[in-house]
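What follows is one structure encoded as structure tokens, with my remarks underneath.
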There are 2 protein chains.
Amino acid sequence: MASSKDVAKRAGVSQPTVSRVINGSTNVNKETIEKVQRAMEELNYRPNLIARSLKQQKTKSIALISGALHNPFFVDSTTTIVNVAKAHGYRTLVYFEEQGNNEAVYEEVLKQQVDGIVLSSIFIDDPVYRELEHSKIPFVMFNRRHQLGGNFVEIDNEKAGVLATNHLLELGHSKVAWIGGPTNCSTFHGRLLGYKKALGGIVKGNWIKETNTTEEAVIDAVDQLLALDEPPTAIFAATDAMALSCQSYLMNKGYRIPEDMSICGMDDIPMSRHAAIQLTTVTHEASKPMGQYAVEHLLHLINSSKEVKEDMQVTLRPRLIARHSSGVKN
Amino acid sequence: MASSKDVAKRAGVSQPTVSRVINGSTNVNKETIEKVQRAMEELNYRPNLIARSLKQQKTKSIALISGALHNPFFVDSTTTIVNVAKAHGYRTLVYFEEQGNNEAVYEEVLKQQVDGIVLSSIFIDDPVYRELEHSKIPFVMFNRRHQLGGNFVEIDNEKAGVLATNHLLELGHSKVAWIGGPTNCSTFHGRLLGYKKALGGIVKGNWIKETNTTEEAVIDAVDQLLALDEPPTAIFAATDAMALSCQSYLMNKGYRIPEDMSICGMDDIPMSRHAAIQLTTVTHEASKPMGQYAVEHLLHLINSSKEVKEDMQVTLRPRLIARHSSGVKN
DNA sequence: CTCTTTTATGAATACGTATTCATAAAATTA
DNA sequence: TAATTTTATGAATACGTATTCATAAAAGAG
């Protein structure tokens, strides 16, 4: 690959002059510009971003630490984040974090010298928070938050839990189960809290199923619920992905949705709208996607010169979308 | 951020010695190693991969130019490719290529100094092929191929088209439509060819709908088919994503699947198995995902010292999975 | 004890770029 | 015309690492 030195030699100028042409500096002779541009074309020159990053001490790239794409929620958010970052001239390094080993990913990311991090896989009491804070790299949490605050965009999960549960209660279901993920995630924590709140005192421990969010675990949870003396007639699944697993498994077992079991999810993934699915779900009311808040604020943090940066703490209001996976108890 | 120089100073050694410790060189005193490691910990040192890349003239990273994630097919392949690369110590830069502007993405990628490229968004006669060849960067095409050959993994799309169409014919459907994407993609090209082949002479031009693969375009195509004097009773949609769009739209219009319309897709995305969807589809027979072939061969190309590298041209055999979105014509 | 080999280390350098500083030439002002 | 400012350019350097080369010390061979 041709370097700026090669271009310089061919154009009969010095390397800094080539650099100036590349970066559109003023104060460079028009004829010189043309000479250099010609040489660049002839040599098929492309600036080496690695070298540039080293010199400038910034990479114009951010890291996205996302949940696995098996959950369609992260599909949309990943697309949003990558595209918004790109529109601002930033490249995104995408990491798909499976359960738990945040430390390893975090180590990886730091070595890459990214200018900032969007983090969606963090636990409420994750020690990684302190380390990130200490590293001085700007970071924004997305969808989940940490107990210590910081920058985040989230949905009001507790209110969402209340909305979903109340919806099912209002349809006449008194036996409503909760299936979710680890409650050391702020999302599941909040959604469970809302569920309990809506139910008031009458919460039964074995109606609450905390899984690892995999399809197998969800199926297992459903089986356990069905085996109860008093099986529930409605399920609030804490994500649409889990709701779909419930729905498919129950249908395969001959259950009709919603006649034999009402289901409410959360996230409003695109598939939920499919005519054969029609999943009742909870989403947020904001006019732009959550990921966009995250990236925009992250870039603000990166490019702000102020020593003390203001926090962004956005909690979006939830909204219920009633479709046909939930119905009146018969 | 502390540099290896800082570590060297603190440990009372030279910078190259720190470098040796980092890279596990032999011939370095045990006590020195310990001194250096202690200094690294105390300073919270992390090697700067940008600097390393510049020096070594390789980035240990590959680019994946994928179709947009709205198509679930690319969700799975992206996951596979990122994870396999990671398992081999390579980082993946992910690009989501919308229709057509391959050139721009390609320019971007070259500047990043990646060691290799997995390319899934390429047209049969894409000029980008020549440029990539000229750039000397190893690249492997994934899912789609180019007319000039090169390295690729694909499904036998023509045979897949035959399989799908024959399946519908065997169910008694004589009026089978095709809905697909741009036929300058090898995938759609082949699938259409197979469709025509299976139908023999009796192909009607207005049963063939070439769209841009968006939901709106697919809906439009379905509308056009329904408006025909002789509307088809079965549709072969060239991807599952498009098949789902057909299915949802038709159901919303009151059609029953498969009683009023049989649908066959292709790709076997996870959603196709959902009890409420039950999409008949075509997939491949291989024991490992296509993306894995692509990455493994790409890494082979990158690390092979031979001047002349052998091509990898894999065409996987297709297999029909009959579910309940297709049925006997009534 | 001398000569040779091995081990352990540092000095110098290169990767490709952007940036600072100095300076010559040109343009402007008085 | 002389003095000053502006414009255009190159030389030198830095970013953080890995690598080559030289060399001093230690170990082994005779």
Side-chain angles (χ1 to χ4, degrees), chain A residues 1-37 39-40 43-61 89 91 108 110-115 135-137, chain B residues 1-37 39-40 43-61 89 91 108 110-115 135-137:
Chain A
M1 283 283 279
S3 72
S4 60
K5 258 183 200 162
D6 301 326
V7 174
K9 186 177 285 180
R10 179 164 197 118
V13 300
S14 71
Q15 181 270 328
T17 295
V18 175
S19 186
R20 285 191 263 266
V21 172
I22 293 169
N23 297 298
S25 157
T26 57
N27 289 1
V28 43
N29 193 297
K30 206 179 164 207
E31 291 164 29
T32 309
I33 295 183
E34 282 165 9
K35 268 195 302 182
V36 171
Q37 286 178 333
M40 292 201 296
L43 293 176
N44 220 322
Y45 169 76
R46 283 170 232 285
N48 182 326
L49 293 191
I50 296 289
R52 177 180 293 173
S53 294
L54 181 60
K55 174 62 190 164
Q56 307 211 102
Q57 294 295 84
K58 57 185 174 187
T59 55
K60 281 278 189 177
S61 66
R91 177 174 55 114
E108 257 306 295
L110 283 198
K111 290 194 235 169
Q112 305 286 351
Q113 314 292 119
V114 293
D115 299 339
S135 78
K136 299 289 177 198
I137 298 183
Chain B
M1 282 281 280
S3 72
S4 60
K5 257 183 201 162
D6 301 325
V7 174
K9 184 176 287 182
R10 182 167 195 113
V13 300
S14 71
Q15 180 270 326
T17 296
V18 175
S19 187
R20 288 187 189 99
V21 173
I22 293 170
N23 297 298
S25 157
T26 57
N27 290 1
V28 44
N29 193 298
K30 208 181 161 207
E31 292 163 28
T32 309
I33 295 183
E34 283 166 7
K35 267 193 304 183
V36 170
Q37 286 179 332
M40 293 200 295
L43 293 176
N44 221 323
Y45 170 76
R46 286 171 230 285
N48 182 326
L49 294 190
I50 297 288
R52 178 181 291 171
S53 294
L54 180 61
K55 174 63 189 162
Q56 306 210 108
Q57 294 295 87
K58 58 183 173 188
T59 55
K60 281 282 191 173
S61 66
R91 175 173 58 113
E108 257 306 296
L110 283 197
K111 290 193 234 168
Q112 305 285 350
Q113 314 292 118
V114 293
D115 298 339
S135 77
K136 298 291 178 197
I137 298 184

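By convention in this document, chain letters (A, B, ...) are assigned in the order of the sequence lines, proteins followed by strands, and residues within each chain are numbered from 1. It should be emphasised that the depicted structure is a prediction, and the values quoted were computed from it without experimental measurement.
Note: NZ (B/Lys5) to C1' (D/dA14) measures 8 Å, nearest angstrom. Atom-to-atom, CD of B/Gln113 to C1' of C/dT17 comes out at 11 Å; the value is rounded to the nearest Å. Regarding B/Leu54, its CG atom lies at a distance of 9 Å from the C1' atom of D/dC15, rounded to whole Å. Atom NZ in B/Lys60 sits roughly 13 Å away from atom P in D/dA18 (whole-Å rounding). For the pair A/Lys9 NZ and D/dA11 P, the interatomic distance rounds to 13 Å; values are reported in whole Å. In this structure, the CD1 atom of A/Ile50 is 16 Å from the C1' atom of C/dA14, given to the nearest Å. The separation between B/Lys55 atom NZ and C/dG16 atom C1' is 12 Å, rounded to whole Å. Separating the CD atom of A/Glu31 from the P atom of C/dA26 is a distance of 12 Å, rounded to the nearest angstrom.
One finds no side-chain N or O of B/Ser4 lying less than 4.0 angstrom from the OP1 or OP2 phosphate oxygen of D/dG16. Proximity of B/Ser3 to the phosphate of D/dG16: no side-chain N or O atom is located under 4.0 Å from OP1 or OP2. Residue B/Asn29 places no side-chain N or O under 4.0 Å from the OP1 or OP2 atom of C/dT7. Proximity of B/Ser19 to the phosphate of D/dG16: no side-chain N or O atom is located under 4.0 Å from OP1 or OP2. Not one side-chain nitrogen or oxygen of A/Ser53 sits closer than 4.0 Å to the OP1 or OP2 atom of C/dT17. Residue B/Gln15 places none of its side-chain N or O atoms closer than 4.0 Å to OP1 or OP2 of C/dA12.
Here the CD atom belonging to B/Gln112 is positioned 12.5 Å from the CZ atom belonging to A/Arg46, to the nearest 0.5 angstrom. In this structure, the separation between CZ on B/Arg52 and CG on B/Asn23 is 5.5 Å, given to the nearest 0.5 Å. Separating the NZ atom in A/Lys55 from the CD1 atom in B/Ile50 is a distance of 15.0 Å, to the nearest 0.5 Å.
Counting heavy atoms from C-beta on, the side chains of B/Asn48 and B/Ser3 never come closer than 4.5 Å. For the pair B/Thr32/B/Arg20, no side-chain contact is recorded, criterion being any heavy-atom separation below 4.5 Å from C-beta on.
Toward the 5' end of DNA chain D, the nearer of the two residues B/Arg20 and B/Ala51, judged by each one's closest nucleotide, is B/Ala51. If you find the closest nucleotide of DNA chain D to A/Gly12 and to B/Gln56, the one lying nearer the 5' end belongs to A/Gly12. Residue B/Thr32 is the one, among A/Asn48 and B/Thr32, whose nearest nucleotide of DNA chain C lies closer to the 5' end (criterion: closest heavy atom).
Nucleic acid contact for A/Val18: none, since no nucleic acid atom lies under 4.0 Å from a heavy atom of the residue.
Between the side chain of A/Thr59 and the backbone N or O of A/Gln113 there is at least one donor-acceptor pair closer than 3.5 Å. Checked by atom type and distance alone, the side chain of A/Asp115 pairs as donor or acceptor with a backbone atom of A/Lys60 at under 3.5 Å. Judged by distance alone, the side chain of B/Ser53 and the main-chain N or O of B/Leu49 form a donor-acceptor pair under 3.5 Å.
Checked against D/dT9, D/dA18, D/dG16, the side chain of B/Arg52 finds its nearest nucleotide in D/dA18.
An end-to-end axis angle of 40° holds for the helix from C/dC1-D/dG30 to C/dA30-D/dT1, taken from five base pairs per end and rounded to 10°.
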